[in-house]
Each structure stands twice: as C-alpha cells, then as structure tokens.
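Report on the following structure.
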Amino acid sequence: MLKYDVEFSGRPQFYSAEIASDGFKDIVFSNYSDTWKIHRKLAHSAFRKFATGHKLDDLVHGVIPQVQQMLTENSGKPFDPKLMITLTLYNVFSKMCFSESYDFSDPRMLGYITMSQELAEKVGFGLVADYFPWARFLSYNGASYIQRMKQKYMEWTSPQLQRHRETLDPNEARDFCDLMLLAQMEAMDNEEDRKISQNLSDIHLKQTVNDIFLAGIETSMQRLYWAIALMTEYPDVQAKIQGEIEVEIGRGRHPVIKDRGNLPYTEATLYEMIRYSTVGPVGVPHATMVDTKFRGYLIPKGTTVLLNQYSMHFDEREWTDPHSFRPEHFLDESGTTRLHPSSFQPFGTGRRSCLGEAVAKADLFLIFTWLLQNYTFRKVPEYSEENLLKLLPETAAGRVLQNYKILIEER
Ligand code: HEM
C-alpha cells in the first residue's frame, strides 16, 4: 500500500457518504483531491497548535473533576463506564474544537451523544445503495434519514461557527473553529487563492469540524471501553500497571504526556489493547484513483480496496500466540517498549492514514493512566463467571463490545 501511495489514496464514492458530506466536502470521505489536501493540512496544524504537550494535558485534566464526581456517585454499584468515557472525550474534543466544555448532565451534550449512537447503529455500515447503486431509486433508500441527521449535526455546528465569527481575533486562534475561519478569511482576501477559497466555504468548514469531532470521539471511546474490560478480566496486568504508575508518578499529581516514556508496561498494554481489540478489522475503505497494476493483477480505477487489519494483527507468523492478550507483545527482553512490527497498522497506512493518531495515543494514555492511578476495576461478584469481552453479533465488520457493568473502587 505504501509503495502505491497515491494510487490507493481514494475513497469509494458511496451514496451515503456523498449525502453525509454534502458532496464530499470533508476529509474522511473525500477523494484524494484539493479539498482533501487543504482540509487535512488545516487539521494537522490545528492538532499541532491545540493538542500537543501541556495543551493536551490541560484539556484532559480539565475534565477530571466531573469524572471523579461521576465515579464517586457510582462507587460500589455495578457501573457501565461507557457514558463516562464518552462524556470525557466529548469535553476534550469540544474544548479543542470550540473552546467549550459541558456539564456531564447537560441535555445538549447528552442529546448529541444519543444522536451519534443512533446514527452509528442505523447506518454505521452504510446504505444498500452504497453497494447496489440502483437501490438509490427505491422509495425508501435511507437517504432522507441521513439528510435529517446531517441537518441536526449542522444545527449543532452552525451556531458555533457563527459565535466564533462574531468574536474572532484575527491575531489569535483560540481553537480549531477559529483556525478554519482564519484560513477562510485569508483565502478570500487573496485573489490568487481562489482555488483554496472554493474549498473553504462554510459548508466545508462545518464538515471538517464535524469530521474531527466525530472521528475522534467514537474511535477512542471504543478503545477505552475495551481497555477497562481488559483490565477487569486481567487483574494481574492491572496491578502491574498500577505498580508502575506508583513508582514513576505516585499519587500527588495527574499523569502528563511527558510520563509516556517512563511507563513502558502501561504503553505496551495500550498498544496490545489496540491490537487485541482491532475494533475496525478492515479499517476505512480506500479506492484506486487510477487503473493500478498490483502483484500482477489489474485493479480498475474506482475499485474499493480494504486493508485487512484483523489478519495482520492476528497473524501467527508475526505474533507469538496472537489470540492471547499479552502486553509483552510490545516489549523487548529488557522491558522497553519495542519497535512495532510492520504488521501492526491500527491507524492505516499511506496518505490516508489516521490524521488523529498522535492525539488518539496521547488521549488514551492520559485518560487510562489517570483512571488506573486512582481506581481499580473489578468484576461484579454475582457475574464473576461472565466474560466481559463479548462482541456485539450484529456488527461483524466492527469488533464492538457488548455493554457491560463492573465495580469501580477508589484506591
Ligand atoms: C484509537 C483511536 C483511533 C483509531 C484506531 C483510528 C483509526 C483510523 C483509521 C484506521 C483510519 C483510516 C486510515 C486509512 O484510510 O488508511 C482513520 C482515519 C482518520 N482518522 Fe482516525 N483513528 C483514531 C482516532 C482518531 C482521532 C482521535 C481523530 C481526530 C482527532 C481521528 C481522525 C481521523 C481522520 C480525520 C481520518 C481520515 C483521514 C483521511 O481520510 O485522510 N482519528 N483513523
């Protein structure tokens, strides 16, 4: 894939994606194009500006009091951690995109979460018309549902854009939304940037902000939900991580990004969690941009191409005992995090590889480490025989865990 970087860098022009992205005016669904290049570059600079080092530390630390309160209220009771993780991530990303944080009981945020869950359940795998184009002419083809949901998302993003425009300081971007508006202003002021300004309409801006917001939250939420279930199922791994945190950080301060290099076992566990869960077994579909010759086969332009992450992450030639959860898969003999084998590709590869990889790894580390520094996850005694690592059967293309409940004890 890396050798044929540009050839495989398209996206299938699915009907559902076309509707959801207003004709591919975003990053995730658009083909390899000027629109994609401009928006990807902008998002990159936003991450560099607002989601690295102590900026990201502060974003995560800012949510901690609300998480603490929620966990205290639920201490000693069977508790499903999914909403807690989701609210944490919404607040981190909302602060990064819109400089706004929400109370965990805010009905606007809870409504947004319910809407996103419903969307994922109903059309997470696309529409029939994505695979059988004639189906778009059926009286019910799902398009009106996606239109309605898109409208609702825009009702969330449009006022944000308006508010930012009214209070914009051209010399200082406060967040991702400001950064997009400043890029738009700059392009409009410069006649030569016509090509750029055409790709920075308000619709483009809203689509890209929504991309970052949605792509970032659901992906990280699923991994943290797996991480907590795995720690509950593997108490020895959990205890070892807590020991490492105790020695390197102690209890007197929150974990920060700079701690990463000092916690090899914790980091290895997070990588192993990502491998073992492989939530997206075939990643995000690519498409060929041109007729492409690959290993003697001719792949016509526009063919959908999938990266089979599942087969790579569970390949017996690459991993010792791949079906076991073992953080040692990512450690060398000296206990240091080892270089990842090339068969570990959870963030994809090539030009379309995950834009938020660095942010995702940092967020996962900060949230997971803080949780284990302060809490222990245990099974509910009545259900101690039940395995928490059960997949939802209806999502064979996504390895999503069934909802579970655990006990969370303060340390
Ligand atoms: C553990 C968490 C995450 C995982 C495992 C993950 C994985 C992926 C994968 C497999 C792709 C497709 C790559 C390809 O097409 O080859 C992708 C694309 C993308 N991801 Fe992530 N992701 C995660 C978190 C995030 C976060 C936190 C953000 C944003 C803050 C993000 C933003 C994006 C975007 C915008 C794309 C589309 C890139 C493009 O089409 O050019 N992701 N991600």
Side-chain angles (χ1 to χ4, degrees), residues 1-2 4-14 17 21 24-52 56 59-60 85-86 88-90 92-97 175-176 207-227 270-289 304-310 312-313 340 344-368 397-400:
M1 201 91 131
L2 267 179
Y4 294 83
D5 206 7
V6 175
E7 288 87 336
F8 285 121
S9 63
R11 292 278 187 227
Q13 305 293 284
F14 287 146
S21 64
F24 306 108
K25 293 190 175 65
D26 75 332
I27 303 177
V28 178
F29 297 125
S30 69
N31 239 331
Y32 183 65
S33 59
D34 285 336
T35 309
W36 173 80
K37 282 184 204 162
I38 291 166
H39 286 256
R40 195 164 159 118
K41 204 166 148 202
L42 275 172
H44 253 310
S45 56
F47 289 154
R48 266 201 311 275
K49 212 164 158 46
F50 305 115
T52 47
L56 196 58
L59 287 179
V60 173
I85 305 168
T86 311
T88 305
L89 290 164
Y90 264 87
V92 169
F93 280 93
S94 168
K95 197 95 183 153
M96 187 173 92
C97 293
D175 49 35
F176 188 26
Q207 282 289 349
T208 290
V209 174
N210 280 347
D211 257 12
I212 299 305
F213 208 51
L214 291 172
I217 294 169
E218 179 67 18
T219 47
S220 303
M221 185 279 281
Q222 293 296 350
R223 271 72 183 184
L224 279 168
Y225 201 53
W226 264 92
L270 282 170
Y271 285 130
E272 176 66 349
M273 172 278 289
I274 291 175
R275 181 197 73 84
Y276 190 75
S277 60
T278 308
V279 176
V282 289
V284 180
H286 285 229
T288 37
M289 292 296 294
T304 299
V305 178
L306 302 171
L307 183 72
N308 191 341
Q309 289 186 16
Y310 184 83
M312 294 163 81
H313 292 177
H340 301 159
F344 183 59
Q345 297 290 354
F347 296 96
T349 183
R351 295 195 183 220
R352 302 302 297 240
S353 67
C354 176
L355 188 58
E357 176 174 349
V359 183
K361 284 180 182 165
D363 270 348
L364 290 180
F365 174 81
L366 288 173
I367 298 171
F368 179 74
R399 290 166 42 85
V400 174

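In each ligand, atom 1 is the first atom listed, and ligand 1 is the first ligand listed.
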>> Quick one, M289 with S9, criterion side-chain contact (heavy atoms from CB on, under 4.5 Å). Give me CA distance, side-chain angles, the key distance, then yes/no.
In response: CA-CA 7 Å; M289 292 296 294; S9 63; 3.9 Å; yes

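Per-residue contacts place L355 under 4.0 angstrom from the following atoms of ligand 1 (heavy atoms of the residue considered): 19 (C), 20 (N), 33 (C), 34 (C), 35 (C). Against a heavy-atom cut-off of under 4.0 Å, P346 is close to the following atoms of ligand 1: 5 (C), 7 (C), 10 (C). Atoms of ligand 1 lying under 4.0 Å from at least one heavy atom of Q309, given by number and element, are 10 (C). Of all atoms in ligand 1, numbered sequentially from 1 with element shown, those under 4.0 Å from a heavy atom of G216 are 26 (C), 27 (C), 28 (C), 29 (C). Remark: ligand 1 atoms within the under-4.0 Å shell around heavy atoms of R40 are 38 (C), 39 (C), 41 (O). When each atom of ligand 1 is checked for a heavy atom of W36 under 4.0 Å away, the hits are 39 (C), 40 (O), 41 (O). Atoms of ligand 1 lying under 4.0 Å from any heavy atom of I27, numbered from 1 in the order shown and given with element: 39 (C), 40 (O), 41 (O).
Residues R40 and L355 approach most closely at CG-CD1, 3.6 Å, considering heavy atoms. The nearest pair of heavy atoms linking D175 to M96 is CB-O, 3.2 Å. Contact record, G216 with S220: O-OG, 3.0 Å, taken as the closest heavy-atom pair. In terms of heavy atoms, F213 sits closest to F93 at CE1-C, 3.6 Å. Across every non-hydrogen atom of G348 and L307, the tightest pair is CA-CD2, 4.1 Å.
Under the 4.0 angstrom criterion for non-hydrogen atoms, F47 is in contact with ligand 1. Using a 4.0 Å cutoff on heavy atoms, R11 counts as a contact of ligand 1. Heavy atoms of E357 stay at 4.0 angstrom or farther from ligand 1. Using a 4.0 Å cutoff on heavy atoms, D211 does not count as a contact of ligand 1.
Note that OG1 of T86 and CD of Q222 are 8.5 Å apart. Values are rounded to the nearest 0.5 Å. Once rounded to the nearest 0.5 Å, the distance linking OG of S33 with CZ of R11 reads 11.5 Å. Going from atom OH of Y32 over to atom OG1 of T288 covers 15.0 Å, rounded to the nearest 0.5 Å.
Within the 4.0 Å heavy-atom criterion, the part of R223 lying near ligand 1 is the side chain and not the backbone.
Polar contact check, R351 against ligand 1: no nitrogen or oxygen pair lies under 3.5 Å apart.
Looking at T219, I217, T278, it is T219 that brings a heavy atom closest to atom 23 (C) of ligand 1.
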